[in-house]
Amino acid sequence: MKNIAIFASGGGSNLKAIYSSIVSQSINGKIAIVVSNNPTSGAIEFAKECKINFFVINKQICPDQYKRESNILEELINKKIDLICLAGYLKLVPEKIINHYKNCILNIHPSLLPQYGGKGFYGMHVHEAVIASGDKRSGVTIHFVNEKYDRGEILIQEVVEVKSNDTPESLSHRILKIEHRLYSFAIKAFCENKIVWEKGVPLLKDIK
Ligand code: GRF
């Protein structure tokens, strides 16, 4: 069984969806820790409710960046983490964590990357930009994390049609539902060793 760390700063709906996939035994894994920079986030509240280990760290708690990064890595190593899932984590993942967990960090993004990704494209800003552009398609991307923001290898994407009367809120609502299903699917694949790397590209094998 794989040990999973979820990094989240916000509401935590993806965390909740992953947790229910674990409870229903669809994912053969365990959320060994929730890491957050935000002590009042929905994600941390949920971790407390469900008695999941959590670790909150930010500049106020630990002003020294080197120590902050080392403390997170230490927690992950102590918990024997196999997979890190970023689920609405608004901080950059330190390079030493990326190097230590090469090809073992996933992120979910609410657009069809590389479109609407990178600096400034987070939360509702993504959906506002899609609507403003008049694009007819948006979607969900799950990708591996490397040192470039929103730029790691894409594992899986799903298209969501943009309707002519969509608002950023209505679009985000539809996309979030897909996110919950797709993230659990990707994590399940990881936990069953069904992601193979070929020439630097991650592929899903034998997946129903
Ligand atoms: C999701 O839209 C995710 O794609 C993005 O941040 C949002 C997190 O939502 N990276 P939640 O906190 O899981 O509800």
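Counting starts at 1 for both ligands and their atoms, in listed order.
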Q. Does the side chain of Cys104 reach to within under 4.5 Å of the side chain of Phe190, using non-hydrogen atoms?
A. yes
Q: Return yes if some donor-acceptor pair links the side-chain N/O of Ser24 with the main-chain N/O of Ser20 below 3.5 Å, else return no.
A: yes
Q | Non-neighbouring partners of Phe7 that pass ring pair (Phe, Tyr, Trp, His ring centres under 6.0 Å), sequence neighbours left out | A | Tyr89
Give every pair made of an N or O atom of ligand 1 and a protein N or O atom lying under 3.5 Å apart, one pair per line with both atom names and the distance to 0.1 Å, or write 'none'.
{"unit_1": "ligand 1", "atom_1": "2 (O)", "unit_2": "Glu179", "atom_2": "OE1", "d": "3.3"}
{"unit_1": "ligand 1", "atom_1": "2 (O)", "unit_2": "Glu179", "atom_2": "OE2", "d": "2.8"}
{"unit_1": "ligand 1", "atom_1": "4 (O)", "unit_2": "Ile108", "atom_2": "O", "d": "3.4"}
{"unit_1": "ligand 1", "atom_1": "4 (O)", "unit_2": "Glu179", "atom_2": "OE1", "d": "2.7"}
{"unit_1": "ligand 1", "atom_1": "4 (O)", "unit_2": "Glu179", "atom_2": "OE2", "d": "3.2"}
{"unit_1": "ligand 1", "atom_1": "10 (N)", "unit_2": "Ile108", "atom_2": "O", "d": "2.9"}
{"unit_1": "ligand 1", "atom_1": "12 (O)", "unit_2": "Gly11", "atom_2": "N", "d": "3.4"}
{"unit_1": "ligand 1", "atom_1": "12 (O)", "unit_2": "Gly12", "atom_2": "N", "d": "2.8"}
{"unit_1": "ligand 1", "atom_1": "13 (O)", "unit_2": "Ser13", "atom_2": "N", "d": "3.2"}
{"unit_1": "ligand 1", "atom_1": "13 (O)", "unit_2": "Asn14", "atom_2": "N", "d": "2.8"}
{"unit_1": "ligand 1", "atom_1": "13 (O)", "unit_2": "Asn14", "atom_2": "ND2", "d": "3.0"}
{"unit_1": "ligand 1", "atom_1": "14 (O)", "unit_2": "Ser13", "atom_2": "N", "d": "2.9"}
{"unit_1": "ligand 1", "atom_1": "14 (O)", "unit_2": "Ser13", "atom_2": "OG", "d": "2.5"}

Q: Scan side-chain atoms only and decide if Asn38 and Ser9 contain a donor-acceptor pair under the 3.5 Å cut-off.
A: no
Q. Have Ser184 and Ser21 got a donor and an acceptor in their side chains that come within less than 3.5 Å?
A. yes
Q.
Looking only at the side chains, is there a donor atom on one of Asn193 and Lys205 sitting less than 3.5 Å from an acceptor on the other?
A. no
